[in-house]
Structures are given as structure tokens and as C-alpha cells.
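Here is the structure we will look at.
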Amino acid sequence: MKQLFFIAAIIVLCSSIEPIQAQAVDHWESVILANDLWKYRVGTSEPPSNWRALDFDDATWSEGRGGFGYGDDDDVTNIPEGTTSFYLRIRFDIVDLTEIGAAMFHIDYDDAFIAFINDKEVARSAGLSDEHPRYNTLSLAQHDAVMFEGGMPESYSLQMNVFQQGANILAIQVHNASVSSTDMSAIPFLSLGMTTSERSYRPTPNWFQAPFVFQSSNLPIVSINTNSREIPNEPKITAQMGIIQHEAGRNSLQDDFNHYNGFIGIERRGNASQSYDVVRGKWSYTIETRNADGSNNNVELLGMPKDNDWILTADFIDKTLMRNALAYHMSRSIGRWAPRTRHVELVLNGNYEGIYLLVEKIKPDNNRVNIARMDSSDISGENVTGGYVWDIQQADGTDIDFGERRVLKYPKADQVQPEQLAYIRNYDDEFRSVMQRSYYADPTRGYQKYIDVSSFIDEIIVQEATKNSDAYGWS
């Protein structure tokens, strides 16, 4: 019978399409300022469903200059006290779309908002969960305006594909948290990063600070283009990925993709981590390198052995961006297998997403977890003893749950045979039962019969040294 080993690692885990690459910004200008003349409508009833579209007729809407609201003495146009919601629209022209390299939306607000450009959502605060909240929806979160006290409005980086040459529309819906609230406001701005020295719009406000615009790095650059499709939790969608990595010198967005340039499948990854930054969208992803026909494409990525399954982890709550990589490195350094990793810069649909960790996905393979592969005939004798891979995590909809957050990962739920599942479930149950007996430390009948002790010791060392808050119970 084969003993169970503990992998000492924190478990995290022919085309015309070209990934979008950002252009260098020469200077910033504002195309929309708060005191511009807006069309607005108080939310006493539901607006027409196309109110966010450029061709919507807003002739019957009221007209006023921003900001809008009541209660904070920062409102140029006052709306009735106790308002649940109000709606804003303003048209603006793009003189030359090719001269815009970046765009920023700023807004000071109370209590919640959703902003659209040409009927595409571009920014959303906390407190509003529905795709298009109704006029009488109250925000589930409270947020105070800060500019009237000298604070800075919140900023949102925008994708270039929301704009069009010529006429455009910015539409915003604003919601209160309570009908008895003493204040409500919206003060929006839209600024453009220009790639030439020409001046086409207006100066930015005095408080405006040019945002960091990613151009180059000593880390590899991973650029992914989904053709404006939102990346779902599942299933994977087809996208294009390019990687820029030079042996010497810096990697620049202007460089050709010299390391990988091809198709991938991509989906969001994680459980609790998918809610860490729903506003900005800094999620982790599972990717699968593919051929043009959708089949698996086993490739070497950044010096890691060939495979087609990879993870891009955001490490959102780890401000050092190093703890997972360090834990894996410690595991490998003491002779245990752990996923290899590479830090990379991620650009998604032209937007810089920050530093990510490219990680090998944990799976049975000669270059990954080197255990016996199983098929439908491995149902008795030594063959049924494995290998198996199971994980400590929150079960998702396709996992086979052993209880206590232990889920089977290999064989997959739709491939595991009844005899295999019965074997590994009984093995796991026996191990947990022994640990509750008085003889659990007996060298013959105790835990040593079921596990590889030295690998478990190494696992505990790594978990404790890195102070993994999810150790032993979650991931």
C-alpha cells in the first residue's frame, strides 16, 4: 500500500488577434470637468432602459452644472433632499482616438455610483450589486464625499476600447444609502493621457496627479487580450497571450512578443479571493495554453518545463507579493516538490494590472506531481492505491467533498471510478479515525501506517515559517 505524501507548499492554487499594448503618454488633459453642463434626472421612477446609450433622447431631462447633490455645500446643482437616486448624462467628443494612450475617471460621491461610457460599465463603487440597479435601490454601503474637505476623488483607470472616434456619452447613476440621509453627491471628471504634444482638450484640475503608466520592467511582461470579453469564473474563454522576456536589459511594451505569442483559455480562479477587489477587478486566473484549434499546447514558459496548465495569482492580500513564491522556494530547497514560479507584469486588454505570480498548476505529470497516472482499469490490487491528488480547500460545484474541506482533485469527478473513490475515501476516513484513538502514535497501528512522516514534518515547517493563516484548514 502506498503511503500518503504531503506536498510542502501553500496550494493556490492562425489568428489576426493581437494583444493590446499601451502607448507612451506625453501629458494629460481633461475632457470632462465637474462644472460642465450635464443632463440630469432625479430617480422618482425607472428611466428608459437605453438611457446610457449615445442615441438616447434626453431632451426632457433637466440641465445643470456639476457637482450634483445636497447637504455638503459642494453642490452647484441641488437635488431634492431624501432622493434615492439620480442619473447624469454628458456628451463629449474624441478629436483623434489614435492620440489617446490612457484614460482616467475620477469621482467624488456619496453614497454609491455606477458609470458607463457608450453603454459600457467603466467604474462602480461598493454597495450596488445588480447589473442595473432600479431607481429605488438603496446602496448597501455608505461612502462620504471628501473634496469639500480638501480630499481627493477616487480614480479609475479606463480601457481604451470603451471610446469611439467623434461623439461619446458618459452616463452615471448615483444612489443614496438611506432616504433619511443628510447628504448625497456626485462630482465626476474624465481625463485623457495624450500621446502627442498637441493640446486638444482642457487643462486638468489642480489636484490632478498623472497616474503611473506602465511601459517597461525588468520582469517578464504578460499581455492578454480577450477582445473585450469579460473573464468569467467558468468556463474558460479563448484569448490571446503574448510574453515579452529578454535575456538582458528591460522588457518594454513596445517590444515584440518573443517568448510566447498564441492562444490561451482563461477563467477566474479562487473562492474568497474573487471578492477581494470586485471594483478594480484584480483577480487570479487559471490559464491553458492552446493551439488555434483549441487543443492543448504544451509549452515552456519562462524556463519552467513544458505543460499547458498554468496559474496567474494576484496575491492581492499579500503586500510583499512574495509569500507564496517564498513558501514554494522553501519546499523545493528542502527536497520536496512544489510549483515553480515566476513574477511577471500583467497587462490585460491594454490595462496594467500589476505584478502577478505565474505558477505551475498542481497536477499529476512527470514535471509536476510525479505520481502514478490512473485510468478506468485501475480498480483493484496495487493499482487502485494511486496516485491520487486531493486538496484542502472550499469545495466548488464539481469537487468530490470528503468533509472537513478535503476535496478530490485527481482523478477528476467525472473520471474517477467507484472502486477508486471508495478506496481513497476509506483510506482518508481510516487515517482520521486513527488520529482520534489512544494508539495514534503506535509505530505499527498509528499514523505512520498511513502517511509519509518526513514530508508532513516539512509541510508543517513551511506553513509555520510563513505564518500561513489558511494552513491546515483552507489552503
Side-chain angles (χ1 to χ4, degrees), residues 1-13 269 286 288-289 296 298-301 304-311 324 327-341 359-393 395-396 398-432 434-435 447-463 471-472 475:
M1 180 177 294
K2 299 175 182 174
Q3 288 181 316
L4 300 186
F5 289 75
F6 222 126
I7 299 169
I10 302 172
I11 298 176
V12 288
L13 356 149
R269 173 180 172 84
T286 299
E288 179 182 82
T289 47
N296 291 339
N298 292 325
V299 296
E300 294 181 7
L301 291 184
M304 294 182 283
K306 282 186 176 182
D307 208 286
N308 64 287
D309 290 313
W310 309 87
I311 306 297
N324 282 334
Y328 294 140
H329 174 75
M330 290 173 62
S331 296
R332 294 192 300 271
S333 296
I334 58 178
R336 301 299 177 188
W337 182 88
R340 285 159 281 238
T341 66
V359 186
E360 294 178 302
K361 183 178 180 180
I362 296 173
K363 60 186 285 190
D365 187 85
N366 291 341
N367 292 322
R368 302 278 175 96
V369 184
N370 192 10
I371 58 176
R373 302 298 296 268
M374 303 189 71
D375 59 35
S376 59
S377 65
D378 297 322
I379 57 175
S380 63
E382 182 72 10
N383 290 347
V384 79
T385 67
Y388 298 89
V389 175
W390 78 103
D391 199 352
I392 299 174
Q393 68 167 62
D396 60 34
T398 61
D399 286 328
I400 295 177
D401 192 348
F402 287 6
E404 296 182 351
R405 294 181 293 277
R406 300 147 87 98
V407 297
L408 183 67
K409 287 297 185 182
Y410 177 83
K412 295 180 179 179
D414 59 350
Q415 297 174 343
V416 65
Q417 301 301 307
E419 295 86 352
Q420 297 167 351
L421 182 58
Y423 169 80
I424 193 62
R425 189 185 293 277
N426 289 339
Y427 193 102
D428 187 57
D429 288 346
E430 288 178 15
F431 172 52
R432 283 190 275 185
V434 164
M435 294 303 294
Y447 62 80
Q448 296 181 56
K449 177 182 177 181
Y450 295 91
I451 69 173
D452 177 72
V453 177
S454 63
S455 73
F456 269 66
I457 293 173
D458 289 344
E459 165 72 5
I460 292 171
I461 290 172
V462 171
Q463 299 284 15
Y472 320 123
S475 64

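Scope of the values below: all heavy atoms of this structure, side chains included, with no hydrogens, waters or symmetry mates.
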Take Leu421 and Ile400, measure what side chain to side chain contact (heavy atoms under 4.5 Å, CB included) needs, and give me the verdict at the end. CA-CA 9 Å; Leu421 182 58; Ile400 295 177; 3.8 Å; yes
Using the rule given for side chain to side chain contact (heavy atoms under 4.5 Å, CB included), can you reason through Gln393 versus Asp399, listing the C-alpha separation, both sets of side-chain angles and the distance that settles it, and then say yes or no? CA-CA 10 Å; Gln393 68 167 62; Asp399 286 328; 3.3 Å; yes
Within the 4.5 Å heavy-atom criterion, are Tyr423 and Tyr388 side-chain neighbours or not? yes
Are side-chain heavy atoms of Phe402 and Ile424 found at a separation under 4.5 Å? yes
With Glu360, which of Arg332, Arg340, Lys306 fulfils salt bridge (Lys or Arg N to Asp or Glu O under 4.0 Å)? Arg340
Is any side-chain heavy atom of Asn370 closer than 4.5 Å to a side-chain heavy atom of Trp337? no
Between the CG atom in Asn308 and the OG1 atom in Thr289, the distance rounded to the nearest 0.5 Å is 5.0 Å
Got a second to check how far Ile311's CD1 is from Ile362's CD1, nearest 0.5 Å? 8.5 Å
Checking Gln463 against Tyr472: is there a side-chain donor and acceptor pair closer than 3.5 Å? no
When rounded to the nearest 0.5 angstrom, what distance separates OG in Ser376 from CD in Gln420? 8.0 Å
Heavy-atom check, side chain of Val434 versus side chain of Lys449, under 4.5 Å: no
Check this for me, if you would: do Asp307 and Lys363 make a salt bridge, where the nitrogen-to-carboxylate-oxygen distance has to be below 4.0 angstrom? yes
Which atom names give the shortest non-hydrogen contact between Thr341 and Tyr328, and what distance separates them? CG2-CD1, 3.3 Å
Indicate the ring-plane relationship of Tyr450 and Phe431, choosing parallel, tilted or perpendicular according to the 30° and 60° boundaries. tilted
Lys/Arg-Asp/Glu bridge criterion (N-O < 4.0 Å) met for Lys409, Asp391: no
If I compare all heavy atoms of Ala372 with all of Gly386, which pair ends up nearest, and what's the gap? CB-O, 3.4 Å
Compare all side-chain heavy atoms of Ser377 with those of Asn383 and state whether any distance is below 4.5 angstrom. no
Between Arg432 and Asp429, does at least one N-O distance fall below 4.0 Å, as a salt bridge requires? yes
Considering all heavy atoms of both residues, which atom of Asp428 and which atom of Arg406 are nearest to each other, and what is their separation? OD1-NH2, 2.7 Å
Mind checking whether Glu419 and Ser380 have side chains closer than 4.5 Å, heavy atoms only? no
Should Val369 and Tyr410 count as side-chain neighbours, where that means a heavy-atom distance under 4.5 Å? no
One should read off an interatomic distance between Glu459 CD and Arg336 CZ, to the nearest 0.5 angstrom, of 10.5 Å
Considering all heavy atoms, the nearest Pro411-Met374 contact: CG-SD, 4.3 Å
Considering non-hydrogen atoms only, spot the tightest contact between Arg373 and Asp378 and give its length. O-OD2, 3.8 Å
Could you give the distance from CG (Asn367) to CE (Met304), rounded to the nearest 0.5 Å? 12.0 Å
One should read off an interatomic distance between Ile334 CD1 and Ile461 CD1, to the nearest 0.5 angstrom, of 6.0 Å
